[in-house]
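Count residues from 1 along the sequence.
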Amino acid sequence: MNLELERFIERCRRIDFRNRNELLEGIKSGEIILSSLKSNSDLPCRHFLDIYEHREKHLRRFQTQHSERLRKDVLEMINEMSQTPDERVELWIFTRQPNIIFSVFENTNRRKILGCLKAVDKRLTSEDEWNELWGKPKTVV
């Protein structure tokens, strides 16, 4: 394991965030792997806030266990990012076979985990499983 990843894992152990235990246990067992080196971003939290506030509204249209869990992941991240809107973000992407992606957002100044989104990669998911995960969206009137 590279030193940068080891330091990241140590930071994760010191703070509570959604999906933390599953992520750390999966990394330890080798079931979850870093799929791309962290991405340094010149983008501040406010950029991601704009995107994920819109996604959270979209997620309200669905009423499945999967959509609710993902919505809670997004809400936690929005809350954390709103506290430091001008600070920069790094993104760590981890995967678990066959189709799970963990996107971990970290504040570059304070080295704090802002959120961990656990999502299913549609490209690696059968249509039946995808429909089961999401169900039918609510009609908006």
Side-chain angles (χ1 to χ4, degrees), residues 1-140:
M1 188 178 309
N2 75 38
L3 184 58
E4 201 167 7
L5 179 56
E6 287 177 19
R7 288 179 179 156
F8 169 79
I9 291 168
E10 275 307 309
R11 292 190 298 273
C12 287
R13 288 184 178 129
R14 289 184 290 220
I15 185 169
D16 190 35
F17 57 89
R18 289 182 61 78
N19 305 308
R20 181 190 74 164
N21 293 342
E22 183 178 359
L23 177 68
L24 291 176
E25 288 169 16
I27 291 170
K28 183 178 179 180
S29 73
E31 185 180 326
I32 295 175
I33 60 168
L34 180 63
S35 68
S36 65
L37 295 176
K38 72 176 173 130
S39 168
N40 290 324
S41 169
D42 286 332
L43 299 171
C45 288
R46 84 173 65 257
H47 169 80
F48 295 98
L49 277 169
D50 290 343
I51 293 167
Y52 284 97
E53 285 171 346
H54 176 72
R55 289 187 181 171
E56 187 276 328
K57 288 177 187 166
H58 175 74
L59 287 167
R60 290 183 206 171
R61 297 179 55 217
F62 299 89
Q63 296 184 358
T64 64
Q65 211 173 22
H66 172 72
S67 64
E68 269 304 304
R69 186 199 42 73
L70 183 55
R71 184 171 169 266
K72 288 176 183 176
D73 292 353
V74 170
L75 284 169
E76 178 180 85
M77 189 176 74
I78 288 170
N79 181 56
E80 289 295 327
M81 285 186 172
S82 66
Q83 296 176 33
T84 57
D86 295 319
E87 293 187 17
R88 304 286 182 239
V89 174
E90 284 180 347
L91 179 60
W92 298 77
I93 304 292
F94 295 86
T95 57
R96 181 175 68 207
Q97 294 298 321
N99 59 355
I100 304 296
I101 298 173
F102 293 86
S103 302
V104 184
F105 295 78
E106 183 178 26
N107 177 300
T108 60
N109 295 351
R110 297 178 297 133
R111 308 311 298 173
K112 180 180 180 190
I113 305 303
L114 301 168
C116 176
L117 308 181
K118 178 185 172 187
V120 176
D121 188 336
K122 185 175 185 177
R123 299 167 301 174
L124 303 173
T125 306
S126 72
E127 187 175 343
D128 288 342
E129 183 182 355
W130 188 257
N131 290 335
E132 187 177 317
L133 286 169
W134 289 100
K136 295 187 190 267
K138 293 189 292 186
T139 318
V140 180

Q | CZ (Arg60) with more than 12 external heavy atoms under 6.0 Å | A | yes
Q | CD/Glu132: more than 12 non-hydrogen atoms of other groups inside 6.0 Å | A | no
[X] to [Y] - nearest heavy-atom pair and separation:
{"X": "Gly26", "Y": "Ser29", "value": "O-OG, 3.1 Å"}
{"X": "Ser67", "Y": "Trp134", "value": "CB-CZ3, 3.6 Å"}
{"X": "Trp130", "Y": "Thr125", "value": "N-CG2, 3.7 Å"}
{"X": "Glu22", "Y": "Ile32", "value": "O-CD1, 3.5 Å"}
{"X": "Ile101", "Y": "Ser103", "value": "CG2-OG, 3.8 Å"}
{"X": "Leu75", "Y": "Glu56", "value": "CD2-CG, 3.6 Å"}

Q. Should the ring pair Trp92 and Phe94 be called parallel, tilted or perpendicular, given that the plane angle runs from 0 to 90° and is split at 30 and 60?
A. parallel
Q. Can you check ring pair (Phe, Tyr, Trp, His ring centres under 6.0 Å) on Phe105 and Phe17, steps first, answer last?
A. CA-CA 11 Å; Phe105 295 78; Phe17 57 89; over 10 Å; no
Q) Would Val74 and Leu59 satisfy side-chain contact (heavy atoms from CB on, under 4.5 Å), going step by step from the backbone distance to the final call? A) CA-CA 9 Å; Val74 170; Leu59 287 167; 4.1 Å; yes
Quick one: does [X]'s side chain have a donor or acceptor within less than 3.5 Å of a partner on [Y]'s backbone?
{"X": "Glu76", "Y": "Arg18", "value": "yes"}
{"X": "Asn131", "Y": "Glu127", "value": "yes"}
{"X": "Arg46", "Y": "Met81", "value": "no"}
{"X": "Ser35", "Y": "Ile93", "value": "yes"}
{"X": "Arg20", "Y": "Arg13", "value": "yes"}

[atom1]-[atom2] distance between [X] and [Y], expressed to the nearest 0.5 angstrom:
{"X": "Cys45", "Y": "Ile78", "atom1": "SG", "atom2": "CD1", "answer": "12.0 Å"}
{"X": "Gln65", "Y": "Glu68", "atom1": "CD", "atom2": "CD", "answer": "10.0 Å"}
{"X": "Asp86", "Y": "His47", "atom1": "CG", "atom2": "NE2", "answer": "14.0 Å"}
{"X": "Cys116", "Y": "Ile15", "atom1": "SG", "atom2": "CD1", "answer": "12.0 Å"}

**Q.** Residue from Lys112, Glu87, Gln83 passing side chain to side chain donor-acceptor pair (under 3.5 Å) with Asn107
**A.** Glu87
Q: Applying side-chain contact (heavy atoms from CB on, under 4.5 Å), run through Ile9 and Lys28 and close with a yes or a no.
A: CA-CA 10 Å; Ile9 291 168; Lys28 183 178 179 180; over 6 Å; no
Q: Using the ring of Phe8 (Phe, Tyr or Trp, six-membered ring only), decide whether Arg11 places NZ or CZ under 6.0 Å from its centre and within 45 degrees of its axis.
A: no
Q. Side-chain donor-acceptor pair under 3.5 Å between His66 and Arg69, yes or no?
A. yes
(Q) Can you confirm whether Val120 sits close enough to Ile100 that some side-chain heavy atom of one is under 4.5 Å from a side-chain heavy atom of the other? (A) yes
**Q.** Min side-chain heavy-atom separation Gln63-Lys136 under 4.5 Å
**A.** no
Q. Arg88 and Leu43: side-chain contact (heavy atoms from CB on, under 4.5 Å), yes or no, with the steps?
A. CA-CA 6 Å; Arg88 304 286 182 239; Leu43 299 171; 5.8 Å; no
(Q) Under the side-chain contact (heavy atoms from CB on, under 4.5 Å) test against Asn19, which residue among Leu117, Leu24, Asp73 passes? (A) Asp73
